[in-house]
Student: 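The structure under discussion is supplied below as structure tokens; questions concerning it will follow.
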2 protein chains.
Amino acid sequence: MMDEPAVERLRAAGLRPTRQRVQLVELLFSDGHRHMTAESLHADAGAAGVQVSLATVYNTLHQFTEAGILREVVVDASRSYFDTNTGDHQHFFVENDGTLIDIPGDEIAVSGIPTPPKGHAVDRVDVVVRIRKN
Amino acid sequence: MMDEPAVERLRAAGLRPTRQRVQLVELLFSDGHRHMTAESLHADAGAAGVQVSLATVYNTLHQFTEAGILREVVVDASRSYFDTNTGDHQHFFVENDGTLIDIPGDEIAVSGIPTPPKGHAVDRVDVVVRIRKN
DNA sequence: TCAACAGATTAGAATAGTTCTAATCCCGTG
DNA sequence: CACGGGATTAGAACTATTCTAATCTGTTGA
């Protein structure tokens with residue numbers, strides 16, 4: 001009756017706890033927050049002995065994002081990043097090596113956002129501080 | 001001796017004023033600021049009777065960005081946007097239709113950006129206010 | 001328990017946006 | 001005005017992502 005946490009989390013998100021999803025949740029949420037791309041997660045999964053296809057990694061990333069247990073971070077036009085931290089925060093993006101670093105939401109603040117055009121509502125405010133190694 | 005403005009602008013940017021580049025500059029900078037993708041610019045050029053290949057549009061967008069007369073805006077993981085406004089400003093991004101709207105730089109402000117990790121310098125701070133039609 | 005079905009997974013094909021290649025073209029110098 | 005090197009081009013190639021259609025697996029209900 002008492003499911004393990006990964007299964008719980010999937011059930012709570014309305015997702016059927018399949019082997020692949022359970023293992024990906026364990027990989028993603030067992031040790032602090034992570035940033036990843038589909039490719040990097042697929043590689044990490046393989047390295048951790050989790051057998052899952054790239055297609056499923058893509059499906060899962062989108063389902064998790066949809067379900068609110070992951071957040072997509074748009075910083076690079078050439079690929080999608082995901083973040084296990086779905087709370088209020090922003091990012092440094094190291095342009096040299098494509099790395100993300102969290103900025104806590106209580107440190108950074110955006111003021112003076114104009115009222116959106118009539119009939120539009122603000123969905124989210126993203127701040128990306130682009131930095132580079134020198 | 002007195003070149004037309006488009007040619008001037010290209011010379012100033014250190015770019016050889018070829019037919020395609022001159023015509024693209026005229027299209028881009030003759031009537032207020034514009035937001036575009038490579039595909040949309042290629043289509044607009046065609047509609048304006050400017051004969052230019054898609055490859056050249058891509059080359060030109062990158063060269064102009066490099067030269068500082070265009071700015072790239074990263075809002076969508078699936079394609080690149082460019083903006084003729086290179087001054088200090090931010091954007092609304094209408095998620096429904098992939099449209100950009102400028103937010104003047106003197107209206108919006110970001111405070112509390114932490115010091116970047118040692119050996120890194122801030123390149124730019126981008127704010128994207130994601131909105132959706134309701 | 002287990003049959004059966006809906007949903008999930010998969011390999012590989014397909015697609016979209018972008019970059020590359022190598023041939024041709026054309027701007028600016030002499 | 002010839003020439004050389006950068007610019008342009010069509011189309012191939014590439015990369016990240018999505019789609020397809022076949023197979024598999026959780027879950028439900030008898």
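Labels below follow one simple rule: chain letters A, B, ... track the order of the sequence lines, proteins then strands, and each chain is numbered from 1.
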Student: Remember a base hit wins even if backbone is also touched, and classify Thr18(B) as base, sugar-phosphate or nothing at under 4.0 Å, heavy atoms.
Tutor: sugar-phosphate

Student: For DNA chain D, which nucleotides open and close the run of contacts to chain B, 5' to 3', at under 4.0 angstrom from a non-hydrogen atom?
Tutor: dG5(D) to dA10(D)

Student: Mapping Pro17(B) and Glu39(B) to their closest nucleotides on DNA chain C, which lands nearer the 5' end?
Tutor: Glu39(B)

Student: Give the rounded distance in Å between these two atoms: NE2 of His42(B) and P of dA16(C).
Tutor: 17 Å

Student: Does Ser80(B) or Asn59(A) map to a spot on DNA chain C nearer the 5' end, using the closest nucleotide for each?
Tutor: Asn59(A)

Student: Give a yes/no answer on whether the side chain of Arg19(B) brings an N or O atom under 4.0 Å of OP1 or OP2 in dC25(C).
Tutor: no

Student: Given dT18(C), is OP1 or OP2 found less than 4.0 Å from the side-chain N or O atoms of Arg79(B)?
Tutor: no

Student: Over all strands shown, is Thr37(A) touching base, sugar-phosphate only, or nothing at heavy-atom distances under 4.0 angstrom?
Tutor: nothing

Student: Whole-Å distance between dG17(C) P and Tyr81(B) OH?
Tutor: 10 Å

Student: Considering only dT18(C), dG28(C), dT9(C), which nucleotide approaches the side chain of Arg16(B) most closely?
Tutor: dG28(C)

Student: Whole-Å distance between dT9(C) C1' and Gln23(A) CD?
Tutor: 13 Å

Student: Ignoring hydrogens, what is the shortest heavy-atom contact between Thr84(B) and Leu28(B)? Give both atom names and the distance.
Tutor: CG2-O, 3.8 Å

Student: So Gln63(B), base contact, sugar-phosphate only, or nothing? Heavy-atom distance under 4.0 Å.
Tutor: nothing

Student: Has the side chain of Arg16(B) got a donor or acceptor atom that lies under 3.5 Å from a matching backbone atom of Arg21(B)?
Tutor: no

Student: If you pin Ala77(B) and Val57(B) to their nearest nucleotides in DNA chain D, which one's is more 5'?
Tutor: Val57(B)

Student: Counting only side-chain nitrogens and oxygens, does Tyr58(B) get under 4.0 Å of the OP1 or OP2 atom of dT18(C)?
Tutor: yes

Student: Would you tabulate the side-chain donor-acceptor contacts of residues 46-57 of chain A under 3.5 Å, counting partners in other chains and residues two or more places apart, or write 'none'?
Tutor:
from     : atom 1 : to       : atom 2 : distance (Å)
Ser53(A) : OG     : Thr56(A) : N      : 3.2
Ser53(A) : OG     : Thr56(A) : OG1    : 3.1

Student: So does Glu107(B) have more than 12 non-hydrogen atoms from other groups sitting under 6.0 Å from CD?
Tutor: yes

Student: Check step by step if side chain to side chain contact (heavy atoms under 4.5 Å, CB included) holds for Tyr81(A) and Phe93(A).
Tutor: CA-CA 11 Å; Tyr81(A) 286 77; Phe93(A) 179 59; 3.9 Å; yes

Student: dT18(C) C1' sits how many Å from Leu54(B) CG, rounded?
Tutor: 8 Å

Student: Please work out which of the three classes, parallel, tilted or perpendicular, describes the rings of His35(A) and His91(A), given edges at 30° and 60°.
Tutor: perpendicular

Student: Starting at atom CG of Leu61(B), determine the distance to atom P of dT18(C), rounded to an integer number of angstrom.
Tutor: 9 Å

Student: Hey, is CG on Asp31(A) packed in by over 12 heavy atoms from elsewhere, all under 6.0 Å?
Tutor: no

Student: CE of Met36(B) versus C1' of dG17(C): gap in Å, rounded?
Tutor: 17 Å

